[in-house]
Structure formats: C-alpha cells, structure tokens
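Sequence lines set the chain letters: A, B, ... in the order given, protein chains first and strands last, and positions in each chain run from 1. Excluded from the calculations below are hydrogen atoms, water molecules and symmetry mates; all remaining heavy atoms, backbone and side chain alike, are included.
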There are 2 protein chains.
Amino acid sequence: MARKQGSHADITGPKVRDAALRLFARHGFAAVSMRQIAAEVGVQAGALYLYTPDKQTLLFDLMRDHLEDLLASWQVPEGSAVDQLEAFCRHHIRYHLDRPELVFIAYMELRNLEPENFAVIEALRRQYEDRLEMILRAGQAARSFDLPDSKLAALAIIAMLTGVNTWYREGGRLARGDIEAIYWDMVRKAVAA
Amino acid sequence: MARKQGSHADITGPKVRDAALRLFARHGFAAVSMRQIAAEVGVQAGALYLYTPDKQTLLFDLMRDHLEDLLASWQVPEGSAVDQLEAFCRHHIRYHLDRPELVFIAYMELRNLEPENFAVIEALRRQYEDRLEMILRAGQAARSFDLPDSKLAALAIIAMLTGVNTWYREGGRLARGDIEAIYWDMVRKAVAA
DNA sequence: ACATTATCTGAACACACGTTCAATTCAAGC
DNA sequence: GCTTGAATTGAACGTGTGTTCAGATAATGT
C-alpha cells in the first residue's frame, strides 16, 4: 500500500531531514537508528534510502547546508570595525538562537563524520572564523581594538557567543534583544583599546 | 585461563576507566561498544562487569568524578574580586587543558545520561558556575566590575574559557602561560567597570 | 481505460549490541 | 599439597543495526 494520498517526494524528503535533525539533536547521531527516523516520518526504514544514500550523508548534508547558510546569511557591512563587530555579534546570536538544533549538531557530531566530510565542514567553519578575525585585525590596525592575538580573540568571541545556546530557553527571563545587548557589551569591552 | 600473572583487580579496574575515557572522548559514548573497551583493556567483554554494573554507570562515574575533582581542586582565595576572578580564570584554563578528554565527555555526553544521573551532573556543574557568579557579584558590589547580568556573565566567561580546549594542541604556537594571560586580559576588560 | 512510473512496504541479510553465567584458571592461605 | 576464591573466559541470550530489493500500490500521462 504505497503512494497514499498526498505523500510525495516533495513532502517526504524534507520530513526525513526534519526528523533526522530533531532526533540527532536530541539523542545524538550514533544513538539514533534509521528505523527511529522512519517511524518519525511515518514510513518504513527502506523508504529513507530514496532520499539519502546512507545515514552518514544525512548527517553531513545537515551540517554542510547549515554552515553554507550561515556564511550566506551575513556579509561584512560598511562602517567602522566596531560597527562591523557589533553587527557580527548580534547576527551570530540571532542566527544561532533561531536554529538551536542545527547549531548543536554542527558542534557535537563532528567526530561522527568520515574524514573527507569532516574536512569540508572544518573548512566552512574556518571561513566563518576568518571573517571575524578580519574584522578584528582591521580594528586593531585602526587602533580601535587592542588584542594580544586576533586569532584567539576570534575563537574566544565565537565560543562565548555560541554559549548562549546552552542556556537560552524560549520565554525566559530575557528577550533576545537584551541578550544581544549584554553579550555585545562584554565583547566590546573585551576587545577595546 | 584466568588470572594471568600480574593481572589483578587493582590493575584492570583503572584500565577499564582509562580505556572508556579515551574511547568515549574519541568516538562518543553511543558509538563505543563494551567489546571495544574490553579489547583496549586486553580482556573479554564479560570481565568488564566485574568493574562496572553497566555501560551507563561507566560514563556517569567518569563525569561525576571529574566534576567533583574540579570542585575540590579550587577554593576561592583571599583577596579582591579582581584577584579572585584572575585566579578562577587561570585555574579553569589550566585544569581544563590538563584533562581534555574528561572535559570533552562532561560536555558532550550529557544527553546520554539517564535522567537521575543527569540531575546529579547538572547540580555539580551549577555549583561551579555559582562559585564564579559569587565572585562577579562581590566585584560588582565593590564597583570593581560593571555587569548587566552576573549570571549571564558567569556563563559567558566559562564558555569562553572552556573554548580553549577546542583549539589547543600540545606544542602549539602559544605556551599555556601565554594563553592564560591572553584570556585573562579579555575577561578582565569584559567585566571592568 | 490503460500503461507507466514514482513511491513505499515488508522481509531478509549479515553482523553487532549489552548483558549474563557456568566453567575454568591460577595465586594465595593453611 | 589442598582448598579456597578472586579473576577471567567464552558462549549464549534476545534484540537491534544499516542497508538492499523484489514486489505492491496508486497517482499521472496519454
């Protein structure tokens, strides 16, 4: 009894991705079986292989698309290095709070990637870090920032900002705008000349 | 052929923990089998159950002991809030760089803990965060620090400091003392009045 | 109305999982 | 030298794994 009403590839495909995203984020890639994903979608396990060649690719595609989307979602704006850094910080927080599951997976499941897939993801992440580091270097050249090490500062800032995802809960004590402001305030002071 | 020369419980017990630590850190709890751990120890899988009631407890014991050790390894020293914060930051980096595998597991494998075990670990982590927050509050009361939110600041600082573990490699560009100094510099400025 | 084809099922494959336990081995105590 | 008991093996238990595929189904194009 295949091809029930309204169940087409256009619908099932995204459903598979969504289910995998949700389950991987909650239980971890290794702890989730293809049968669990299939059950979440409402389909038998075999049907998943119409939408992904294997489980590994399912994970890899989620991570790659996430990072490519992150890179595409923001360009360094015109303005001073301070303005650029503020825009970066606010966008980082906003973007990450909007996609907690993707962010979580992209951080936690790196070791479950096969080497060649890992290299791709690593390169994309590096691009993102480099973008921040360029802003920091420019600000340092303009004497707006005082940093002992721009690479470390970039990594430290990203770690700090991404940390928001570990505690933020919808409807909590603070609005997103407040959080952006608080974190931007700390970053601004940390790099200040 | 049991009880080979020199193989006693005093030796095998720690070996099991060490092997589990190493393998969990490298591949993740869910991706490591009891047979792999046993092979690393040089024993059959059944023998592991002389040293742990089950796989879950093996993970939980590693995490609990790590956090209890972390809490025991440092007390808030006498001195100004600034001095206390510096001591905290330097100790945090030092302690975490010395135990990358335990730190990694304690962060990454939280979701593989059964609820009651999770609660224990969560409580220990909270204690550690609270200790930092107390320093920040004291410094704020003394007008040494200017913080919009001491709880967020504590979490942000810990996230930033722990981030060191994601990039630090033995024998790299920077010595540990340099790293401590760089991070402390950023923290100091970030919370400064 | 019929043929086509995208979509899905359900069973099977070979293997791995965590855990248990009777049987075995060997160092130590008497 | 004999008994005891801690340490370990090796096989077994039932269940689950990722993946494949022949066959069934139903919407679509003609």
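- Nearest to the side chain of A:K55, among C:dT7, D:dT19, D:dT8, sits D:dT19.
- Within a 6.0 Å radius of CD in B:E78, no more than 12 heavy atoms belonging to other residues, nucleotides or ligands are found.
- An OP1 or OP2 oxygen of C:dA16 is reached within less than 4.0 angstrom by no side-chain nitrogen or oxygen of B:S33.
- Residue side chain A:R35 reaches the base of D:dG18 through a donor-acceptor N/O pair under 3.5 Å, judged by distance alone.
- As a whole-Å value, the separation of B:I37 CD1 from D:dT8 C1' is 17 Å.
- Side-chain contact of B:H96 with B:Y168: a donor-acceptor pair under 3.5 Å is absent, judged by distance alone.
- With A:Y107 as the aromatic partner, A:R125 meets the cation-pi criteria of under 6.0 angstrom to the ring centre and within 45 degrees of the ring axis.
- For B:Q36, the listed nucleotide lying nearest its side chain is C:dC17; candidates were C:dC17, D:dG18, D:dT8.
- Across all strands, B:V41 comes closer than 4.0 Å to no nucleic acid atom at all (heavy-atom distances).
- We find that OH of A:Y49 is positioned 9 Å from C1' of D:dT20, with the value rounded to whole Å.
- Remark on DNA chain D: of its neighbouring residues A:A31 and A:A47, the 5'-side contact belongs to A:A31, judged by nearest-heavy-atom nucleotide.
- A:T12 has no side-chain polar atom (N or O) that falls below the 4.0 Å cut-off from OP1 or OP2 of C:dT7.
- Going from atom NZ of A:K15 over to atom P of C:dT7 covers 14 Å, rounded to whole Å.
- The CG-P distance, from B:L48 to D:dT8, rounds to 10 Å in whole Å.
- Ring-plane geometry between B:F29 and B:F24 is classed as perpendicular, the angle between the planes exceeding 60 degrees on a 0 to 90 degree scale with a lower cut at 30.
- A cation-pi arrangement, defined by a distance under 6.0 Å to the six-membered ring centre and an angle within 45 degrees of its axis, is present between B:R99 and B:Y95.
- Taking atom OH of residue B:Y51 and atom P of nucleotide D:dA6, one finds them 12 Å apart after rounding to whole Å.
- In this structure, A:M34 atom CE and D:dT15 atom C1' are separated by 19 Å, rounded to whole Å.
- In the region residues 56-65 of chain B, proximity to DNA chain C at under 4.0 angstrom, judged on heavy atoms, holds for none of the residues.
- Set against D:dT17, C:dT19, C:dT9, the side chain of B:D54 has C:dT19 as its closest nucleotide.
- The aromatic rings of B:H91 and B:W74 sit parallel to each other, their planes meeting at less than 30°, with 60° as the upper class boundary.
- Note: CD (A:Q44) to P (D:dT19) measures 17 Å, nearest angstrom.
- In summary, A:D130 and A:R137 do not engage in a salt bridge, as defined by a charged side-chain N under 4.0 Å from a carboxylate O.
- In the set D:dA7, D:dT9, C:dG18, the nucleotide with an atom closest to the side chain of B:V43 is D:dT9.
- One atom, CG of A:L50, and another, C1' of D:dT20, lie 12 Å apart when rounded to the nearest Å.
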